[in-house]
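Beneath this line is the structure, given in structure tokens, with notes to follow.
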Amino acid sequence: MGKIDHKTVFIIDSVKSERIHLAKFVKHEGFTLMSFTGFTDCFKMFSLLSPDLIIYALRKKKTDLKKLQTLKRKFKKLHFIMFLTKETPEINLQPLKEDGYTSIFKAATKEKVRETAYELLSPEELPRRVETPHPVPFYVAGMENQVPSQGQ
């Protein structure tokens with residue numbers, strides 16, 4: 001596997017515990033993760049650090065999608081992932097795409113956020129996460145297939 005280019009990811013979520021948990025879930029040695037409570041805090045950092053991806057957790061009453069439509073054209077060219085929470089289970093991305101967003105996606109689970117982030121930032125370098133079965137089989141009482149005893 002070749003060298004991974006360093007990428008910057010901004011996570012915007014008004015709920016601190018969820019923001020930190022999502023950052024831990026998406027982390028990778030090739031990513032710099034920064035978390036923010038809102039867009040205003042996020043865009044203050046643009047003079048210092050430019051993100052490759054912005055993950056925006058949609059929260060009811062705390063999230064205003066109109067802010068996305070008022071962003072400058074140069075920001076609309078960034079990769080965006082809209083993380084759907086239980087407060088906002090669905091969103092229509094078509095108006096945002098018509099408004100100039102070139103790379104905007106939605107994800108309903110943290111696994112999907114991580115998968116989409118890896119595909120967007122390093123599709124050829126980062127392997128997809130594959131669930132592997134536990135290497136040690138376990139015995140459940142009452143199952144038909146009995147575990148052979150070790151003494152016989």
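Within the 3.5 Å criterion, the main-chain N or O of Ser35 finds no donor-acceptor partner in the side chain of Arg19. Between the side chain of Lys106 and the backbone N or O of Ile91, at least one donor-acceptor pair lies under 3.5 Å. Side-chain N or O atoms of Lys110 include none that pairs as donor or acceptor with a backbone N or O of Phe25 at under 3.5 Å. When atom types are taken as modelled, the side chain of Thr88 and the backbone of Leu58 share a donor-acceptor pair closer than 3.5 angstrom.
Residues Ala107 and Lys112 share a closest heavy-atom pair of CB-CG, 3.6 Å. Closest approach of Ala117 to Val26, counting heavy atoms only: CB-CG1, 4.4 Å. When every heavy atom of Leu33 is checked against every heavy atom of Ala23, the shortest pair comes out as CD1-O, 3.1 Å. The nearest pair of heavy atoms linking His6 to Asp52 is O-OD2, 4.3 Å.
Atoms CG and NZ, on Asp99 and Lys76 in that order, are 3.5 Å from each other to the nearest 0.5 Å. Atom OG of Ser14 sits about 14.5 Å away from atom CZ of Phe36, to the nearest 0.5 Å. In this structure, CD1 in Ile55 is found 10.5 Å from CG in Asp13, a value given to the nearest 0.5 Å.
Partners of Gln94 under the side-chain contact (heavy atoms from CB on, under 4.5 Å) rule, at least two apart in sequence or in another chain, are Asn92, Lys97, Glu98. In this structure, the side-chain contact (heavy atoms from CB on, under 4.5 Å) partners of Leu49, at least two apart in sequence or on a different chain, are Thr8, Phe10, Met34.
For residues 77-100, the pairs satisfying ring-ring contact (aromatic ring centres under 6.0 Å, His included) are Phe80-Tyr101, with sequence neighbours left out.
Residue Ile20 is not grouped with residue Ile12 when hydrophobic side chains (ILVMFWY) are merged at heavy-atom distances under 4.5 angstrom, including chains of intermediate members.
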Verdict with supporting geometry, Lys7 and His28, side chain to side chain contact (heavy atoms under 4.5 Å, CB included): CA-CA 10 Å; Lys7 305 292 182 180; His28 184 273; over 6 Å; no
Criterion salt bridge (Lys or Arg N to Asp or Glu O under 4.0 Å) on Arg114 and Glu111, from CA distance to verdict: CA-CA 5 Å; Arg114 178 178 47 210; Glu111 290 86 3; 5.4 Å; no
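Taking the ring centroids of Tyr118 and Phe31, they lie under the 6.0 Å cut-off.
Between Leu121 and Val9, some side-chain heavy-atom pair lies under the 4.5 Å cut-off.
The residue from Ile81, Leu78, Leu120, Leu53 that alone fulfils the side chain to side chain contact (heavy atoms under 4.5 Å, CB included) condition with Ser103 is Leu120.
The aromatic rings of Phe43 and Phe39 lie parallel to each other, their planes meeting at an angle below 30°, with 60° marking the opposite boundary.
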